[in-house]
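Worksheet for the structure shown next.
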Amino acid sequence: GDILIIGNSKTASEYIHNKIKLEKNDILTPNKVKAIQSRLSTTGLFTYINVKPVSTGGEFTKTTDLLISLEERDSKVFELSPGIRSDLGVKLSSTLKFYNIKGYNRSVQVKAQVNQRLSFSSLAPERRNQEDFTEYNTQVTWDVPEVFATENNFSLTTAVTRTRFFNFDAEILPGSI
């Protein structure tokens, strides 16, 4: 039978076909249907997934199609968190994440936090009267699941941090793959 997919306005049909790992005219069993639903669920792209075999054709040409009904989750998320911490002082954090870029479950996330200390008691005594110092941390992460149609995932993260330590101030540029 055929594989019919409805509800995927952002996710590429090719990506879904690759995830379900089912070829035309494969025999559908209840375990295969559960496995397909599970593989789609693990992508994190959908808020609703229904995988249902549907009989089609006449008495002598009966076939079973697979109907996959989906509802996609939001592809953009923004978070803003103002606050105050006893160690960091007044802070503002934000996150912006784009999911399912180009329909293949790739994502980019940008996180940022800035803070201004209200107290310098956690610094060395000779540094407690220094000028104000704005601290920040920004981080960008790019995730690519299933690189080259394998089970391998690729993630690249880079960050810039400016922070005040007990005896010194630092600007840090870590990165990881």
Side-chain angles (χ1 to χ4, degrees), residues 7-21 34-50 70-177:
N8 61 316
S9 61
K10 299 173 203 144
T11 308
S13 294
E14 178 185 3
Y15 177 78
I16 295 169
H17 281 281
N18 290 340
K19 288 305 290 179
I20 63 176
K21 299 178 182 177
K34 285 180 188 174
I36 291 167
Q37 187 143 353
S38 176
R39 283 194 294 275
L40 290 173
S41 180
T42 60
T43 65
L45 295 175
F46 309 106
T47 58
Y48 174 80
I49 302 167
N50 186 19
L70 306 167
E71 285 183 19
E72 296 171 311
R73 78 175 186 170
D74 288 338
S75 61
K76 297 176 200 89
V77 175
F78 177 70
E79 176 184 311
L80 186 63
S81 306
I84 190 165
R85 281 183 38 177
S86 59
D87 59 340
L88 295 178
V90 178
K91 72 172 192 81
L92 180 64
S93 302
S94 66
T95 302
L96 178 61
K97 186 161 186 177
F98 296 95
Y99 295 98
N100 203 12
I101 296 171
K102 299 213 176 212
Y104 286 88
N105 201 16
R106 298 175 182 116
S107 65
V108 172
Q109 177 175 279
V110 179
K111 287 183 168 185
Q113 177 175 310
V114 63
N115 67 279
Q116 185 71 49
R117 292 181 188 257
L118 300 176
S119 168
F120 299 104
S121 62
S122 64
L123 302 177
E126 63 273 10
R127 299 185 69 223
R128 291 184 183 159
N129 292 327
Q130 291 182 352
E131 78 284 345
D132 288 341
F133 182 85
T134 301
E135 296 173 88
Y136 57 82
N137 180 24
T138 57
Q139 178 179 318
V140 178
T141 302
W142 178 49
D143 290 313
V144 180
E146 298 139 11
V147 177
F148 304 119
T150 67
E151 295 298 318
N152 298 316
N153 299 326
F154 174 81
S155 183
L156 175 65
T157 300
T158 188
V160 176
T161 302
R162 182 181 189 209
T163 191
R164 183 161 260 186
F165 292 100
F166 184 75
N167 279 321
F168 63 94
D169 299 333
E171 292 189 9
I172 306 166
L173 264 69
S176 66
I177 293 180

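Numbers here simply count residues along the sequence, with the first being 1. Values below: all heavy atoms of this structure, side chains included; hydrogens, waters and symmetry mates excluded.
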Does either side chain, that of [X] or that of [Y], offer a donor lying less than 3.5 Å from an acceptor on the other one?
X: Glu135; Y: Asn115; answer: yes
X: Ser121; Y: Ser119; answer: yes
X: Lys97; Y: Thr95; answer: no
X: Asn100; Y: Ser75; answer: no
X: Ser13; Y: Asn8; answer: yes

Rounded to the nearest 0.5 Å, what separation is found between the [atom1] atom of [X] and the [atom2] atom of [Y]?
X: Arg73; Y: Phe46; atom1: CZ; atom2: CZ; value: 10.5 Å
X: Glu146; Y: Asn105; atom1: CD; atom2: CG; value: 7.0 Å
X: Thr11; Y: Leu45; atom1: OG1; atom2: CG; value: 5.0 Å
X: Phe120; Y: Asn129; atom1: CZ; atom2: CG; value: 9.0 Å
X: Gln116; Y: Ile84; atom1: CD; atom2: CD1; value: 11.5 Å

Between [X] and [Y] (side chain of the first, backbone of the second, donor and acceptor by atom type, cut-off under 3.5 Å), is there such a pair?
X: Arg39; Y: Ile20; answer: yes
X: Glu72; Y: Ser9; answer: yes
X: Gln37; Y: Ile49; answer: yes

### Any residue meeting ring pair (Phe, Tyr, Trp, His ring centres under 6.0 Å) with Phe168, in chain and number order, not counting sequence neighbours
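For Phe168, the residues satisfying ring pair (Phe, Tyr, Trp, His ring centres under 6.0 Å) (neighbours in sequence not counted) are Phe165.
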Flag the pair [X] / [Y] as yes when at least one side-chain heavy-atom distance between them is below 4.5 Å, and no otherwise.
X: Arg164; Y: Leu88; result: no
X: Asp143; Y: Asn153; result: no
X: Thr138; Y: Val110; result: no
X: Val160; Y: Glu171; result: no

Looking only at heavy atoms, which two atoms of [X] and [Y] are closest? And how far apart?
X: Glu126; Y: Asn167; value: OE2-OD1, 4.0 Å
X: Arg162; Y: Thr134; value: NH1-O, 3.3 Å
X: Tyr104; Y: Pro145; value: O-CG, 4.2 Å
X: Arg127; Y: Phe166; value: NH1-O, 3.2 Å

### Query
Got a sec, which residues hit salt bridge (charged side-chain N to carboxylate O under 4.0 Å, His left out) with Lys34, two or more places apart in sequence or on another chain?
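By the salt bridge (charged side-chain N to carboxylate O under 4.0 Å, His left out) rule, Lys34 matches no residue at all.
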### Query
Is there any ring pair (Phe, Tyr, Trp, His ring centres under 6.0 Å) pair reaching into residues 76-100, and which pairs are they, with sequence neighbours excluded?
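Qualifying pairs, neighbours excluded: none.
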